[in-house]
Structure formats: C-alpha cells, structure tokens
Trainee: 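Below are the structure tokens for one structure; questions will follow.
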Amino acid sequence: FKTDSAKRYNATDDYIGDKTIVNRNSTVTWTTGPSAAIVNTVVNDVYSAVVNGTTYTAVATDGGVSIINETANSVVSRSTTPNYIKKVSISQNGDLYFTASVRPTDISGLKLWLAADKITGLNNGDTITTWSDASGNSYNATGANVPTFQTSIQNGLPAVLLEKAGSDHFTLPDAFGNLFRGNDLPISAFAVIKPVSNAYDSPLIAIETTQDSGKFYRALGTYTGTWLGVSIRDGVTTKTVTGGTTNTSPHVISVVHTGTLADLYVDGTLTTDDGDSNTGATDQPATLLNYLGRTQFGTGSGMFDGYIMEMVVYNTALSAANEQAIERYLANKYGLSTTSTGTGDTVVVARNISSLTANFSASQTYDSSASPALPNEVLNDLSVTTGTSTVDGKSNTIYVGGDSGLTSINEKQGDETNGSAKYYTKDYITEEMVGDIQAMWPFNGSDTDIDTGETASDASVKANTVTANN
C-alpha cells in the first residue's frame, strides 16, 4: 500500500498499476448459495494463496470451511461435523489445512448451552440479570438475587458465581422444564464447576413442585459430600445417583440418563453406573419451579455454592462417542485433566484444493489418536510450509499452536503414519523423529546452559515403539 492506493500485481507478480483502496475494496463481493459454509456464520479466519495461477481464499467459520476460487468466482464448502473451524491455511502446492473442533452445537438434541465466556458487557463483580442461552433455543436463565460475573477463574476464562449465603440462583423458562416432565425421558447434562462448599442437596438443574414429597427431576451438582448425577422422585420414592467425592477444585461432571439407566462421570471417569427403576417426575402440575443452582428449599442446603463456568444440556441420551467428545471439549477449553478418550481439536488435511467439491472429504486428520499425534488441547493457530518435511524432504510441515505449546508435524504424504512430530512446551523441547527420540533440553532457567558446570542427566539416543521405525 502507498498513501491511498494499492499496488496491483497479477498472478505472475507483474506490476499492473495502482487502484484506489476505496475502489479496490468494493470490486468483488461474494454472495454464496446454501452449500457455502460462510452463510450466516461467524468468520474466524481467512487465508489466500495463488496455486498454479489460480487465486484461492479459504474461509474458516463456526459452520465449516469454504474455499472461494477467485479466478472462477465459485465456492465449495465443507460443513461435516466437527464444523467449528478456527484456523485455515493453504500450502503452495495446493493442499488445504484447517483446525476442526467439536462444539455442543455439532451434536443433535442440544437444548441448553450456558457459557460464562459468552457473557458480554460485564466487568468483574457485576450482577448478572440474564444468562443467554447459546443453543439457539432461547432458554435464557434469569438471575435472582445477585449472581455475579467473575473474570479469569479457570484457564483465563470467566465464571458465574452463585453464593449460598445470598441465595443466588437462576430460573429457567417453563418450556425448558417441560422437556423433562414426561415418563422415562432422557437427559445428558454436562457442567464445569468449582464448588466453594459442598451443600447437602445443591443440584444445578431442579425441575420440581413446591412440596418435597412431590415430584422432581434434578441433575448435576453436589449431594451429601458426593457428586450428584440425577435425583428423581416419582411421588413415592426417590432415586439418587451419586459417586466420587466433591472438593473445591474445578471439575467436568456429566450424566447420561436414558430414562431407566444413569451413568455419572467426573473428569471423564465413570464413577456410578446405576439402574433407575423410577419413571421420572411425571404428571407434574402445570406450574413448575425450573431452577438453576437451587432447589425449592430456597436457602442453606438447597443452594449451589460456587462457580459455574459452562453448562450443556441435551434431551437425549448421548452415545459414548458424543458424550466423550463434549467432555473432551470442556476439559480442553478449561485446561482440566480428563480420562475421556474423546477426540479433541484436530488438524484436517484435504489434498489438491483445485479438485475439491461441495462438502469435500478429508484425506488426513491429525488428532490425539493419530500417528503422528497432537496433544489433547485447544488448538489456537496454524501455519504450513511447503516441501520442508524432514521425513522425505518434499512433503509439508504443519505448525500447530496449542494451549500448552507448539507441535511441528512433518508429513510423509502417501504414507501418513510414518511422519513425525515434535512438541515444544514452555520450558522443554522433546524431539520425536521417525527413528528416535533424542533427550530433553530445558529452554529457560538456570539449567539452560550446561557449559557452566552442570551435567546433562541423559543425552543418549532413545528408541520408541510408537514411532514408525525403531
């Protein structure tokens, strides 16, 4: 750019004159058909490249990835789950790379999604009057008393604080409660919470009448010093599914209830696998109490006491794969340990961008189970260099920035499992090549320089059966 003009070059880098910026910016506007993922979605990243004389622009969105062929003025898209695309890149030899993440909206049956990091316009300590539902169903939670917005509670992300002493809670719309008032109705509920204290009976969701002897349906939270999965009263008996031991550390808790069976998970670990002979809180009166963070008792033991970072609720019993995917999403987002084997953020590769068609398939996916593998974490950035792979000297190298560090993947195209990965963290680098792992070196601190008298504890060549060749 020079003053108010943009220098113009053609595909072979020949200078062809200036164009005023105001005209240059308005030369072409793309309007796309229903197959394009850039319709009615949030755009997260854009990347342009010239491949064999054709200009391509890749667009990463909340609903998938689109590739605009600027030369032909055409668009193709991929919206296959997972379709939350954060970063995108195009190599010089025409391969498309993008990061894909499972989000609650990718799985059918989503009814409620409350996330503190989606609250806007509030400062630390501000009172929350409305917690907007991000599921698209408008089951917004209305604050009662003084729930407050708290910044940087877990992994740099905010939370909502409910204080038992102040009887802080939310109410949910009747339409939400009606989803769970029938006979043997399922629920899958997930939450990231950090209790301040362990109240006697403090579920996050309570759909009930005003009488303790009546009918109720409660899910998640804490109960008599253990994690609460579901607690159901059919008007005669109460069935409560609990497991594990509560503490004041942050955890991902989840329950999948089929209507007759209930599984409770804490940080991905199944703590209770229980049969439930009750039929659920059926035949309830027209008026229900639909609470978030309290029961009908109102004070003391009936109040949740602590932080809520995020809640996700489905009116279906999720499959094991989908349950683990949501647990992995929450654990990765909030920097929590989990035993869930669900796939986290992945890097997807589609070869030969010029041949891609609508809802194109992927030729390679790198994730925590792939070889070479990525760490299970949130992926924040992506870059690709062409023909730089140390494995064969002609494939590409992928650089992926995550919450815990950088991963460098050296491809071996046509023989993907024999590529390699290097992991760089804040303090250390571990190097894994096709044939060996060579030691570990500190990046900073007093032990960085081993020329000042320190002794390297181990500098021998290692072999690893996980790699392609020992």
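All values below come from the heavy atoms of this structure, side chains included, with hydrogens, waters and symmetry mates left out.
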Trainee: Sequence neighbours excluded, which residues qualify as side chain to side chain contact (heavy atoms under 4.5 Å, CB included) partners of Asn123?
Mentor: Asp126
Trainee: Residues two or more places apart in sequence or in another chain: which of them pass side chain to side chain donor-acceptor pair (under 3.5 Å) with Ser383?
Mentor: none
Trainee: Could you check whether Asn396 and Tyr97, counting side-chain N and O atoms only, form a donor-acceptor pair closer than 3.5 Å?
Mentor: yes
Trainee: Taking side chain to side chain contact (heavy atoms under 4.5 Å, CB included) as the test, write out the residues that go with Thr339, two or more places apart.
Mentor: Thr269
Trainee: Closest heavy-atom contact between Met303 and Asp168?
Mentor: CE-O, 3.4 Å
Trainee: Strictly by ring pair (Phe, Tyr, Trp, His ring centres under 6.0 Å), give each pair with a member in residues 119-153 just once, sequence neighbours left out.
Mentor: Trp131-Phe170, Tyr139-Phe176
Trainee: Could you list the residues that satisfy side chain to side chain contact (heavy atoms under 4.5 Å, CB included) with Thr80, not counting sequence neighbours?
Mentor: Arg78, Asn359
Trainee: Looking just at side-chain N and O atoms, do Asn380 and Lys86 make a donor-acceptor pair shorter than 3.5 Å?
Mentor: yes
Trainee: Under the salt bridge (Lys or Arg N to Asp or Glu O under 4.0 Å) definition, can you give me all pairs with a residue in residues 322-345, not counting sequence neighbours?
Mentor: Asp117-Lys333, Glu310-Lys333
Trainee: Residues in side chain to side chain contact (heavy atoms under 4.5 Å, CB included) with Thr346, at least two apart?
Mentor: Ala100, Thr343, Val348, Thr365, Asp367
Trainee: Between Asp95 and Asn352, does any side-chain donor sit less than 3.5 Å from a side-chain acceptor?
Mentor: no
Trainee: Going by salt bridge (Lys or Arg N to Asp or Glu O under 4.0 Å), name the residues that satisfy it together with Lys412, two or more places apart in sequence or in a different chain.
Mentor: Asp415
Trainee: Among residues two or more places apart or on two chains, list those pairs meeting side chain to side chain donor-acceptor pair (under 3.5 Å) that have a residue in residues 144-160.
Mentor: Asn124-Thr151, Thr148-Gln150
Trainee: Apply salt bridge (Lys or Arg N to Asp or Glu O under 4.0 Å) to Glu411 and list each qualifying residue two or more places apart in sequence or on a separate chain.
Mentor: Arg351
Trainee: With Tyr366, which residues qualify under ring pair (Phe, Tyr, Trp, His ring centres under 6.0 Å), at least two apart?
Mentor: none
Trainee: Looking only at side-chain N and O atoms, does Ser389 offer a donor or acceptor that is under 3.5 Å from a partner on Ser395?
Mentor: no
Trainee: Restricting to ring pair (Phe, Tyr, Trp, His ring centres under 6.0 Å), what partner residues turn up for Tyr307, sequence neighbours left out?
Mentor: none
